[in-house]
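Hydrogens, waters and symmetry mates play no part in the numbers below; they use all other heavy atoms, side chains included.
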Amino acid sequence: MARPERLAGHLLGNLVLFGRLLRREGLPIGAGEIVTLAEALRHVDLGDRDRFRDAARTVLVGRRAEVAVFERLFDRFWRTVGLAESPPHGRAPARGEPARSVLAGLTPPGATPGDGAEAAERDPALEVYSAHEVLRAKDFARLEPEEIAEVQRLMERLRFRLARRRTRRRSPHPSGRVDLRRTLRGALRHGGEPLSLARRRRTMKERPLVLLCDVSGSMEVYSRLLLRFLYAALRSTRRTEAFLFGTRLTRVTRQLRDRRIDRALKASVRRAADWGGGTRIGETLREFNYRWARRVLGQGALVLVISDGWDRGDTRLLGREMARLQRSCHRLV
């Protein structure tokens with residue numbers, strides 16, 4: 001399910017432009033339909049072009065005669081802003097492919113149509129929708145250098161919001177249970193008369209996050225980008241632990257806490273002596289379970305294991321240690 005904040009900004013502006021284009025072609029599109037479409041897109045995977053198209057057609061098309069107009073303008077408009085027809089397996093459109101503008105008529109009062117078309121082509125807001133959505137579903141191994149740089153910038157802006165749990169501690173809250181101790185203490189100030197009831201409830205606390213990332217040879221094309229993902233996680237959450245594993249387990253939490261990302265990544269790579277080597281997942285998980293689990297899995301921790309699953313060790317050992325890890329944490333992903 002898409003989060004509401006993803007509909008703000010450039011995408012919402014593009015929806016308004018698309019509705020204006022449909023209205024110029026005779027469809028009865030107003031502000032109400034655009035608001036309804038924005039609400040509908042909160043429940044649609046924005047990376048799925050077909051679902052996006054179906055949601056837009058359901059909201060914006062009211063008569064059968066309007067379907068053909070909608071389909072024609074949908075393809076032209078979203079290709080213009082970068083949402084090209086995706087070839088099989090999510091391959092990005094070819095470089096240098098000219099984008100035909102359909103926004104020449106959407107110019108502000110007093111401007112010439114040519115100026116409007118050029119402004120639409122230059123406007124970076126019209127490139128955001130598809131560029132990020134294509135990267136969202138694309139294999140890291142197939143990224144171009146420019147796309148890798150864009151992914152790195154996106155990862156640096158990541159902000160994690162982890163699940164929260166109720167603690168045993170309680171704090172004052174107007175809708176909680178009656179706090180007899182504070183109520184009686186307050187009554188002493190008024191001659192023993194409890195003029196108000198003090199209340200409290202359990203406090204909420206963010207769950208710890210533990211990241212276990214495979215840096216073996218089979219993961220080499222992904223490892224450096226995943227290391228940036230770990231760095232972003234540690235920068236945005238306080239209670240996060242990061243480990244790298246191949247043939248051995250390496251804790252890199254302290255290295256990734258460095259404020260300078262380049263220095264943090266280099267220190268982490270140097271510390272992982274088995275970087276780009278073989279893989280013994282079962283043995284590294286056993287080391288984690290016996291050496292680190294009690295230290296970092298307390299208070300309902302979330303554990304994320306990032307690996308392609310290729311293992312040169314004992315698969316029965318891997319199964320036992322994964323089961324042990326799952327019993328030790330709140331949730332294993």
Side-chain angles (χ1 to χ4, degrees), residues 1-93 97 99-103 106 120 123-140 142-143 147 150-151 153-155 157-163 229 232 236 304 331 333:
M1 180 180 294
R3 293 178 179 173
E5 55 266 23
R6 289 184 59 187
L7 301 179
H10 300 317
L11 176 54
L12 186 57
N14 289 336
L15 293 179
V16 173
L17 289 176
F18 182 52
R20 193 181 305 171
L21 181 63
L22 292 175
R23 187 166 62 249
R24 285 178 177 268
E25 294 294 326
L27 274 68
I29 306 297
E33 284 74 15
I34 299 301
V35 171
T36 303
L37 177 57
E39 292 291 334
L41 291 180
R42 296 182 180 182
H43 307 281
V44 173
D45 181 5
L46 297 181
D48 190 327
R49 180 187 177 88
D50 293 332
R51 291 183 181 274
F52 181 88
R53 179 200 297 264
D54 292 341
R57 182 172 52 206
T58 301
V59 175
L60 301 179
V61 176
R63 294 181 298 177
R64 180 176 299 179
E66 299 171 351
V67 174
V69 178
F70 171 87
E71 294 292 343
R72 174 171 54 86
L73 296 180
F74 181 91
D75 290 336
R76 291 176 59 193
F77 180 86
W78 292 108
R79 183 180 295 115
T80 300
V81 299
L83 183 60
E85 292 287 352
S86 299
H89 308 295
R91 182 175 60 81
E97 182 179 356
R100 295 175 298 170
S101 177
V102 298
L103 302 180
L106 305 181
D123 187 3
L126 301 180
E127 303 172 0
V128 173
Y129 177 82
S130 72
H132 292 181
E133 294 303 328
V134 169
L135 293 178
R136 183 168 172 259
K138 193 169 184 179
D139 191 336
F140 283 171
R142 303 172 64 186
L143 293 178
E147 294 175 325
E150 179 64 20
V151 169
R153 288 192 293 269
L154 291 174
M155 285 187 176
R157 297 200 299 266
L158 277 178
R159 292 297 178 267
F160 288 71
R161 290 184 295 180
L162 301 179
F229 173 77
S236 61
L304 177 60
R331 187 179 181 186
V333 181

Original post:
Given the rule in the side chain to side chain contact (heavy atoms under 4.5 Å, CB included) test, do D75 and R53 qualify, once you have shown the distances and angles that lead to the verdict?
Top reply: CA-CA 9 Å; D75 290 336; R53 179 200 297 264; 2.9 Å; yes
Original post:
More than 12 non-hydrogen atoms from neighbouring residues, nucleotides or ligands closer than 6.0 Å to CZ on R331, yes or no?
Top reply: no
Original post:
How many angstroms lie between atom CD1 of I34 and atom CG of L60, to the nearest 0.5 angstrom?
Top reply: 5.5 Å
**OP:** On the 0 to 90° scale, with breaks at 30° and 60°, tag the F77-F18 ring pair as parallel, tilted or perpendicular.
**Re:** tilted
Original post:
At their closest point, which heavy atom of L73 faces which heavy atom of E25, and how far apart are they?
Top reply: CD1-CG, 3.3 Å
Original post:
Looking at E66 and P28, what are the two nearest heavy atoms and their distance?
Top reply: OE2-CD, 3.4 Å
Original post:
At their closest point, which heavy atom of V59 faces which heavy atom of A40, and how far apart are they?
Top reply: CG2-CB, 4.3 Å
Subject >> Short N-O contact, D54 and R57, less than 4.0 angstrom >> reply: yes
**OP:** Please name the residue in the list L21, V16, L22 that meets the side-chain contact (heavy atoms from CB on, under 4.5 Å) test with I29.
**Re:** L22
Original post:
Nearest heavy-atom pair of A55 and L41: which atoms, and what distance?
Top reply: CB-CD2, 4.1 Å
